[in-house]
4 protein chains.
Amino acid sequence: MALTSRERVRRAAVKLFATKGFHGTGIRDLAQAAKLSSASLYHYMGTKEQLLAEIMLDCLQRLLDAAARELDGVDDPVERIGRLVTLHVTTHARQPNETRVVDNHVDVLSPRARRAVVDVRDTYEQLWSDAIDDGLRSGVFATTQPAATRIALLEMCNGVARWYSPRGPLTLEQLAAHYVQLAHRALGVPDMRR
Amino acid sequence: MALTSRERVRRAAVKLFATKGFHGTGIRDLAQAAKLSSASLYHYMGTKEQLLAEIMLDCLQRLLDAAARELDGVDDPVERIGRLVTLHVTTHARQPNETRVVDNHVDVLSPRARRAVVDVRDTYEQLWSDAIDDGLRSGVFATTQPAATRIALLEMCNGVARWYSPRGPLTLEQLAAHYVQLAHRALGVPDMRR
Amino acid sequence: MALTSRERVRRAAVKLFATKGFHGTGIRDLAQAAKLSSASLYHYMGTKEQLLAEIMLDCLQRLLDAAARELDGVDDPVERIGRLVTLHVTTHARQPNETRVVDNHVDVLSPRARRAVVDVRDTYEQLWSDAIDDGLRSGVFATTQPAATRIALLEMCNGVARWYSPRGPLTLEQLAAHYVQLAHRALGVPDMRR
Amino acid sequence: MALTSRERVRRAAVKLFATKGFHGTGIRDLAQAAKLSSASLYHYMGTKEQLLAEIMLDCLQRLLDAAARELDGVDDPVERIGRLVTLHVTTHARQPNETRVVDNHVDVLSPRARRAVVDVRDTYEQLWSDAIDDGLRSGVFATTQPAATRIALLEMCNGVARWYSPRGPLTLEQLAAHYVQLAHRALGVPDMRR
DNA sequence: CATGAATGAGCATTCATTCAT
DNA sequence: TATGAATGAATGCTCATTCAT
């Protein structure tokens with residue numbers, strides 16, 4: 001089924017911003033990839049930067065929503081971190097372009113747009129912080145640097161978008177399971193729990 | 001003591017490429033930061049891309065050399081990984097701009113330059129692979145996914161350049177020690193060893 | 001009637017390339033003469049060199065076509081040379097800019113474009129060679145150096161673009177008639193034939 | 001024997017201006033060809049344009065002097081034209097670069113320099129005019145367009161610099177002899193005179 | 001809904017030239 | 001005599017964006 005022009009623009013932008021960077025992507029590249037004239041592009045977007053900001057906000061919001069759904073009703077911190085890692089890694093593996101755009105383009109945004117993006121991201125990362133804090137409080141996690149560990153884990157998981165290929169030796173499930181193990185180990189979850 | 005113009009160009013490029021990206025950095029930005037006219041820039045560099053490639057190769061080579069020095073005479077895989085992590089993290093914390101340029105700009109390079117850069121990077125990463133393989137063979141490491149773990153650890157350590165600040169709560173030593181712990185845990189080093 | 005922008009670009013290029021040379025003509029000169037911004041120029045041309053190549057090929061092709069038409073059904077070599085000279089001289093007198101561009105810019109072209117231009121030019125000059133050879137065979141021409149004579153005549157006729165003015169003492173018809181006489185004399189056509 | 005730097009600059013300029021044109025030749029091309037730095041070039045020349053003007057004036061003056069020497073004591077117009085053609089053609093064949101610079105760069109010069117060059121050229125061409133007028137007066141030449149014929153002959157002879165090669169089928173002597181024949185025929189010199 | 005035409009501003013790079021050494 | 005360093009101005013060309021149709 002044919003995509004709408006609007007959707008074609010969006011997909012073209014995601015792919016190109018991810019692979020060539022925002023500044024490395026010209027409006028003409030976008031137009032060509034979306035099979036539109038560069039003038040027509042402007043029926044479906046504001047400025048190039050607004051297009052970027054929309055993509056970033058959108059992806060982040062969807063991640064946040066999905067995370068909230070995953071965590072709904074789950075109390076065990078080990079399980080919660082496991083679900084966050086699984087979701088994060090899976091998302092980065094399945095949508096490497098979207099996530100690379102989100103993860104690498106914060107600095108490009110104007111202050112106003114950056115604020116909005118960072119706010120959503122902070123809300124999302126708070127889910128990680130909360131889970132880690134809970135685990136520490138309950139004694140199931142053991143680390144002296146919860147903040148650094150959280151960031152380290154997030155960076156580690158973000159990296160998946162840069163290297164994972166479904167055509168490689170790992171299935172998505174294996175990949176996610178391995179990263180969950182890495183996270184649990186990093187947080188000092190005792191072996192018997194795993 | 002005054003810097004040479006050449007050095008000023010280099011430092012300006014590192015800072016700007018790191019913060020604004022290669023395509024986001026104009027030759028005029030570079031000139032202004034180096035306190036030179038844009039024409040004079042070309043006494044100290046080839047093209048903008050060649051400048052980038054030189055910086056990347058240079059930084060990678062220095063990292064590789066330092067790693068070789070660190071590992072010299074060290075046999076214990078636990079210690080070797082510890083030293084690699086310490087060096088990697090310390091370098092990323094001390095020279096966040098250099099390392100961000102190296103870690104984020106491979107795709108910008110022309111095929112020829114990319115080849116050269118990737119070759120050095122592969123040689124460096126082989127040091128990690130070797131240490132991990134040794135640890136697995138000797139039974140001190142325990143993981144079913146050595147390759148994925150190596151990449152995950154590298155990404156995790158690279159991330160340091162994106163967030164660590166010496167003005168934050170962690171000293172360089174604490175930071176490095178924590179990342180060594182994370183790496184050892186990720187590789188399944190038994191607690192008594194740590 | 002108003003010219004199209006495309007045509008204005010073409011005419012501006014012909015005039016400027018002819019008078020200031022290809023390298024002496026800047027893109028901004030072209031834009032100003034075509035009453036367009038320098039950016040708009042690029043809607044109507046590829047690169048500056050492609051614009052040159054198109055002009056050259058076009059003019060040469062039109063000369064070749066016209067020559068073929070002139071010679072159609074004409075057998076007498078004296079008459080054929082007369083018609084070639086008349087056409088060549090008339091063209092150079094009427095379109096001095098076009099012909100100066102064609103005659104003086106072969107060396108500027110890239111190898112590929114030069115090849116294309118030289119091919120058409122060679123085809124055209126072959127018409128002269130054939131006429132001269134025929135005249136020699138039939139005994140109506142007398143020269144020991146047909147090749148040198150052909151080139152000499154062509155250079156002589158090309159020169160017209162450099163000096164002839166319709167405001168001078170010679171009408172186009174007188175000019176052409178005189179050059180025909182010069183050509184016939186050069187080829188040793190007996191006086192009674194003229 | 002080694003050339004002086006001054007002479008190397010001169011020769012480099014002649015070769016490059018002839019083949020790539022004045023505007024197509026950069027100061028760096030000149031420097032490289034003269035095996036000097038571009039700054040050092042300025043010890044041996046004024047501006048690029050002055051260098052061009054000096055070359056042109058010099059070559060023209062030498063041609064004029066040589067012509068005066070050739071004509072000294074020669075009264076017969078047929079012989080005079082013969083000597084002028086021989087000298088002109090020989091010079092263009094032997095020094096194609098010098099003559100191409102002289103013949104094709106008048107338009108590049110500033111008004112003042114152009115004036116000086118054109119003055120010498122006019123003096124030289126006057127020698128041709130005088131010879132032709134004499135021949136007409138004495139009845140040995142027959143043409144209704146002496147001015148056009150003179151220009152046509154000059155253009156024809158200038159052309160030699162564009163095509164003649166000593167490695168081709170014609171020796172210099174044969175070339176000159178043929179052009180003398182062409183000139184005599186163009187001027188209507190009766191066959192018995194030749 | 002779509003685009004050809006248009007542009008001011010900007011791009012990386014090169015220009016001819018100067019000057020202190 | 002020679003040049004490395006330096007530059008303001010210019011180079012050919014592309015940028016993101018607008019607008020009339």
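Throughout, a chain's letter reflects where its sequence line sits, starting with A, and its residues are numbered from 1.
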For this session: State whether C:Arg100 and D:Asp107 are salt-bridged, where the test is any N-O pair (Lys NZ or Arg NE/NH1/NH2 against Asp/Glu carboxylate O) under 4.0 Å.
Result: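 Answer for the salt bridge query: yes.
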Treating [X] as the side-chain partner and [Y] as the backbone partner, does any N or O pair qualify as donor plus acceptor under 3.5 Å?
| X | Y | value |
| --- | --- | --- |
| C:Gln50 | C:Thr47 | yes |
| B:His105 | B:Phe22 | yes |
| A:Glu49 | A:Ser110 | yes |

Exercise. Start at the 5' end of DNA chain F and walk down; is the nucleotide closest to B:Ser37 or to A:His43 reached first?
Worked result: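 Nearest nucleotide further toward 5': that of B:Ser37.
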Problem set entry | 5′-ward residue of the pair C:Gly26/A:Met45 relative to DNA chain F |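 Its nearest nucleotide being more 5', the pick is C:Gly26.
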Problem set entry | D:Val101 side chain reached by D:Leu52 side chain, heavy atoms, under 4.5 Å |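 Side chain of D:Leu52 against side chain of D:Val101, heavy atoms only: contact under 4.5 Å found.
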[X] [atom1] to [N] [atom2], straight-line distance once rounded to whole Å:
| X | N | atom1 | atom2 | answer |
| --- | --- | --- | --- | --- |
| D:Leu41 | E:dA16 | CG | C1' | 11 Å |
| B:Leu30 | F:dT7 | CG | C1' | 17 Å |
| C:Lys20 | F:dA10 | NZ | C1' | 13 Å |
| D:Leu51 | E:dA16 | CG | C1' | 13 Å |
| B:Leu36 | F:dG8 | CG | P | 10 Å |
| B:Asp29 | E:dG10 | CG | C1' | 11 Å |
| D:Gln50 | E:dA16 | CD | C1' | 13 Å |
| D:Phe22 | E:dC15 | CZ | P | 13 Å |

Among the nucleotides [options], which one has an atom lying closest to any side-chain atom of [X]?
| X | options | result |
| --- | --- | --- |
| D:Tyr42 | E:dT7, E:dA12, E:dT17 | E:dT17 |
| B:Lys48 | F:dA2, E:dT13, F:dG12 | E:dT13 |
| D:Ile27 | E:dA9, F:dC13, E:dA16 | E:dA16 |

Between [X] and [N], is there a contact of a side-chain N or O with OP1 or OP2 at under 4.0 Å?
| X | N | result |
| --- | --- | --- |
| D:Tyr44 | F:dT1 | yes |
| C:Thr47 | F:dG12 | no |
| D:Ser40 | F:dT1 | no |

For this session: Pick base, sugar-phosphate or nothing for C:Ser38, based on heavy-atom distances below 4.0 Å to the nucleic acid.
Result: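 Since a base atom lies under 4.0 Å of C:Ser38, the category is base.
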For this session: Classify the side chain of B:Arg28 and the base of E:dG10 as holding, or not holding, a donor-acceptor pair under 3.5 Å.
Result: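 Absent.
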For this session: Could you let me know what F:dG4 is paired to, Watson-Crick or G-U wobble, both distances under 3.5 Å, or none if it's on its own?
Result: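 When the pairing criteria are applied, E:dC19 turns out to be the nucleotide that pairs with F:dG4.
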